[in-house]
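Reading through the structure tokens given below for one structure.
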Amino acid sequence: MSPRDWKSTLLLPKTEFPMKADLPRREPVRLARWHAENLYGRIREARAGAPRFLLHDGPPYANGKIHIGTAMNKILKDLVVRSKTLAGFDSPYVPGWDCHGLPIELSVDKELGAKKREMSDVAIRQACRKFAEKWIDDQRADFKRLGILGRWEAPYRTMDFSYQAEIAKAFGGFVDRGLVTFGFKSVLWCVRDRTALAEAEIEYEDKVDPSIYVAMPMPVDDFSSSVWELAALGVRRLYAVIWTTTPWTLPANRAITLGPKIEYVLLKKESEPGAAYLVADALVSQVTAALGWHDASPLPHSKKSGETIARAGLAPRYARPFASDSFDNFGFLLGEHVSTSDGTGLVHTAPGHGRDDYEVVRRHGIAVDDAALCPVDEGGFYDANAPEFLRGKRVVIPKTPDQSANDAVLSALARNAAEASSFRDHPEKDQSGALLLSKTSLSHSYPHCWRCKQPVIFRATHQWFIDLHAIRDEALAEIHDRVKWIPPFGENRIGAMVENRLEWTISRQRRWGSPITFLRCTECKEKGVVSHYPAVEGNVGEKQKREREDFFERVRETFRQHGADAWYDDERFPPSYFLRESSSSSSSSSSSSLSPACSRCGGRSFEKVKDILDVWFDSGVSHAAVLRSGDYGLPDPYTAKPPTPVVYLEGHDQHRGWFQSSLLTSVALTGRAPYDAVITHGFVVAGDGRKMSKSLGNTVDPQDVIKKDGADVLRLWVASVDYTTDDPVSEEILKRTAEAYRKIRNTARFLLSNLFDFDPAKDSVPASRLEPLDRWVLDVAAQFADEARDAYGAYAFHVVSRRLLELVTTDLSAFWCDVRKDVLYVLAANDPVRRSAQTAAYRLAETIAVALCAICPFTAEEIWEAIPGNAANPSALFLKSWSNLQLPEIPSSEREAWGRVLALRAEFLARLEPLRRDGKVGSAAQAAVEIGPGPALDADLALSSLSEEKLAEVLGVPLVVRSTATRASEQSDLYGGLTLLVRPAEGVKCPRCWQMRKNVEPGPDGICARCRRVVGE
RNA sequence: GGGCCCGUAGCUCAGAUGGCUAGAGCGCAUCCCUGAUAAGGAUGAGGUCGGUGGUUCAAUUCCACCUGGGCCCA
């Protein structure tokens, strides 16, 4: 006869909650339900009227699949939104997309191929729109799959008609403030395709160019004599030596740039008494070697810094070549970009043909607005601004040697060299007296057009700018005084960038974007004059101001209705369309109102400017287009009372990008920063800390993680890293994350499985009647909840996830759950002690679900709905807040007492180990403890209401004996030398509760007295 | 080349204003349990705190330089 089956009399855990998460399969099901029941909308309704908190989405660019960095960014945002909701706020989230711009246009170019040439602007733009829409759909599906909660059915898109209208309005606002200017700027230019190129359209390839040294004469006059003791040095002729690989830019020379800290000397040749050549001290040997000047050496006491030379303050100081007036130049300028790694340390500066050149001139406050600064036309030919004998020569890719600008320039210079008198009156001679000192050739890396593969040039072209001078101080004040930067170094970073930024070039010669809505007078254009309507200048009369306002309002209305495509549709919306009076204009217009005229020539024929705005302008005005306009279901956060806090959260690369464009536009238009706080995160890198790249094969694809582990694991990873630095991700790291996930899941499952017969309404034990151990564990949960709430408040998500994991592993799984099994399984269902433990388990499960609901929403809800009483309305979890958690706390004295008791437990476990090693006991359940006398311990036990019996439960042993004897060998460090003896427990293992008991009944079916009482019979 | 930032055990993180044998969780090793079971528990081994120099009675913590890495510029 087999022994009786006591197991069936136990209340063993029971649950439907699966141990295996199977997230890749289950998450989509839950997602579909959230969508079907409009969870986002329900949360909005439930939180209506609550204090509002606004995370404003920075729009990702709609041209490809999301990568791990995009995923992390969106998950972090979701953590903010969900944790704020959890904190009781109404925290809406309207996701957005950045839709205009070059990358999309280029992709569409590629798709269209030759067809593009026959397509209208509007048709091209529609193709771009389709392309963006496709990727928005793709990305939206991925974001939703990540569990990001938001207004996905109505996101904002910078190509929305309403958004385009707001862009145009914002642009008008800039014009109104007088911040928009028009001028020249050096941009990359392909002379074959006759078009400006963006950095992304450039390929670097080797090219052979002339390498020349040129000496430009400096007059021996008051200026030069104020710097050097020329008379004493015996100098009668003075030259500044420059080096260049683009001789064709010499006719555009306007300055020589020196390094402020670089030391310069005067070189003298034995063979050429009376002449001196200015070069950088550090480059003397390099230059003399290159020129073959074996007899050259620096003049004594001629060493001067660039700063000294340039600041001497007397102009002009050198003769520039190829000019009718050689002294018509900006003289010596200072530039930090000057180096002594090659050349002469004196940089030939042509603001019409170089980016640095342009910058250095602008930084000296010199306007670059004269067409003569760039004597090269669209095809790369010298134009009327070049000396007559150079006109028609081509600066790059000449078809014949005769057409070569470089050759023409070099021979003109050569005619000067060595004072060859026979050329004195040659018509194709440079008159400045510049000397070609040396000409060799050099192979170097040079930018080429990616389409036609030809070398490109820098060429000054008409561009639109936003002048940042007027708003810089305001912007800096906002950066430093209003905005909270998280982490704090963001303040430095963006502050330095804004301080050093000269201007914002906002025009692009492209089609896919929001247009710069100005008209240009065609009559003036024929005369080579630029005249715009409405007035560009800030300082205009009332009438012009009103005209301008009307015009931009007309544009805004049109775009709102028809989109910015209207600007490109000259048939339906000719220039005159925009010149009609705005419908919102209040003036009683006479029916015979004349269309406006060009302020310069009085002409009435206009064409549209077809440049588009820099895409950073588009996304930069999202605060206006999305937050202020009301077009996307959001009440204006800035005028709300009290104002709604607005937070931006992006990678720290956006200090130069969106954070800055948003700040500048908002300051210019409204005088304040658009955000109250800016959170930045680092970049996702590979496991070894290096950047991810497809060629290295070290990328992690979010799709793969979702397919393998599920979105919740990816989310837990995001929540576990300190996002303020770079964030490595690798298979190993994700494996660790998945393990942590399983730990949390299994512990929750244990709690749930012990609630199968628990009805919270009927069976809950009030806090005052909870068992000491359960009071303690709920206090631990309360402490955790406080810390988690604070950490969420500080956006320190990794602190939340770490603390949650610690709670779950240490306090729950390894201790409370383990020790509580006896009570939960063995006692009668309704035993108050068991109900106490269940009450604790119930609250703990709730706590885990709530704490986890932002980090792992799928799993949190799964836990939540498995809690008794919640199945009917699982997503109610997402309407909970911390205050819904009922976690009784205990006095700190009791908490501290528990701390010491648990130290006693640790000591006991350590002392148990030798017995286990010797095979005397298997586990704590087979051990007994004899504890010596200790008044301090007695006090702690009293504080924590622990009888000897309950202390035994805490230690997980069947018996604790207090003895009066003190044996030195058993002394511990606790309680001033408390004695602690661990030994095998006496008695017999009860077949029902598996505890070692002395009171087990004899016979094959004998059980202990406690079990007998439970079982009855 | 410049600006900003980062570098604590295999992994993720703690380590106010410099001060005990640098901590936690995970992982790992060994052991236990088999009534959370493709689970659970215990114990333990792991760190020249990126490197060098300096300030100090004392530095992971302050300073300088170097090195590796990231972002943004040039």
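The sequence lines fix the lettering, A, B, ..., with proteins before strands; numbering per chain opens at 1. All heavy atoms count here, side chains included; hydrogens, waters and symmetry mates do not.
Salt bridge absent: A:Lys735 and A:Asp709 never bring a charged side-chain N and a carboxylate O closer than 4.0 Å. Between A:Arg917 and A:Glu913, none of the side-chain N atoms (NZ, or NE/NH1/NH2) sits under 4.0 Å from a carboxylate O, so this pair counts as no salt bridge. One finds no salt bridge joining A:Arg656 and A:Asp653 here, because no Lys/Arg side-chain nitrogen approaches an Asp/Glu carboxylate oxygen to under 4.0 Å.
A donor and an acceptor atom never sit less than 3.5 Å apart when one is taken from the side chain of A:Arg493 and the other from the base of B:C5. Remark: the A:Ser813 side chain and the B:A36 base include a donor-acceptor N/O pair separated by less than 3.5 Å. A donor and an acceptor atom never sit less than 3.5 Å apart when one is taken from the side chain of A:Arg917 and the other from the base of B:C31.
We find that the ring of A:Tyr825 and the base of B:G35 do not stack by the test of centres under 5.5 angstrom and planes tilted less than 30°.
Contact between the side-chain N/O atoms of A:Arg916 and the OP1/OP2 oxygens of B:G41 is not found at any separation under 4.0 Å. Residue A:Lys743 has no polar side-chain atom (N or O) positioned under 4.0 Å from OP1 or OP2 of B:G25. The phosphate of B:C11 (OP1 or OP2) has no side-chain N or O of A:Ser730 nearer than 4.0 angstrom. OP1 or OP2 of B:C73 has not a single side-chain nitrogen or oxygen of A:His337 nearer than 4.0 Å. Remark: A:Lys7 is in phosphate contact with B:G35, judged by side-chain N or O atoms under 4.0 Å from OP1 or OP2.
Here B:C26 presents its P atom at 19 Å from CG of A:Leu734, a figure rounded to the nearest Å. Atom pair A:Phe489:CZ and B:C6:P shows a separation of 7 Å (rounding to whole Å applied). Rounded to whole Å, atom C1' of B:A36 lies 12 Å from atom CZ of A:Phe17. Atom pair A:Tyr741:OH and B:A38:C1' shows a separation of 16 Å (rounding to whole Å applied). In this structure, A:Asp688 places its CG atom 13 Å from C1' of B:G7, rounding to the nearest Å. Look at CZ on A:Arg690: it is 8 Å from C1' on B:G68, rounded to the nearest Å. Nucleotide B:C72 holds its C1' atom 15 Å from the NE2 atom of A:His681, rounded to whole Å. Rounded to an integer number of Å, the gap from CZ of A:Arg736 to C1' of B:C11 is 6 Å.
If you find the closest nucleotide of RNA chain B to A:Tyr723 and to A:Phe815, the one lying nearer the 5' end belongs to A:Tyr723. Closest-nucleotide positions on RNA chain B for A:Leu10 and A:Asp727 were compared, and the one nearer the 5' end corresponds to A:Asp727.
Comparing B:G18 with B:U43, their C1' atoms sit 35 Å apart, to the nearest whole Å. Comparing the P positions of B:U8 and B:A16 gives a spacing of 16 Å, expressed to the nearest Å.
Contact check for A:Tyr648 versus A:Ser662: side-chain heavy atoms found under the 4.5 Å cut-off.
Remark: aromatic rings of A:Phe683 and A:His652 are close, center separation under 6.0 Å.
A:Thr9 contributes a side-chain N or O that, together with a main-chain N or O of A:Trp6, makes up a donor-acceptor pair within less than 3.5 Å.
Against the 90° criterion about 0, the sugar-base torsion of B:G18 places it in the anti range.
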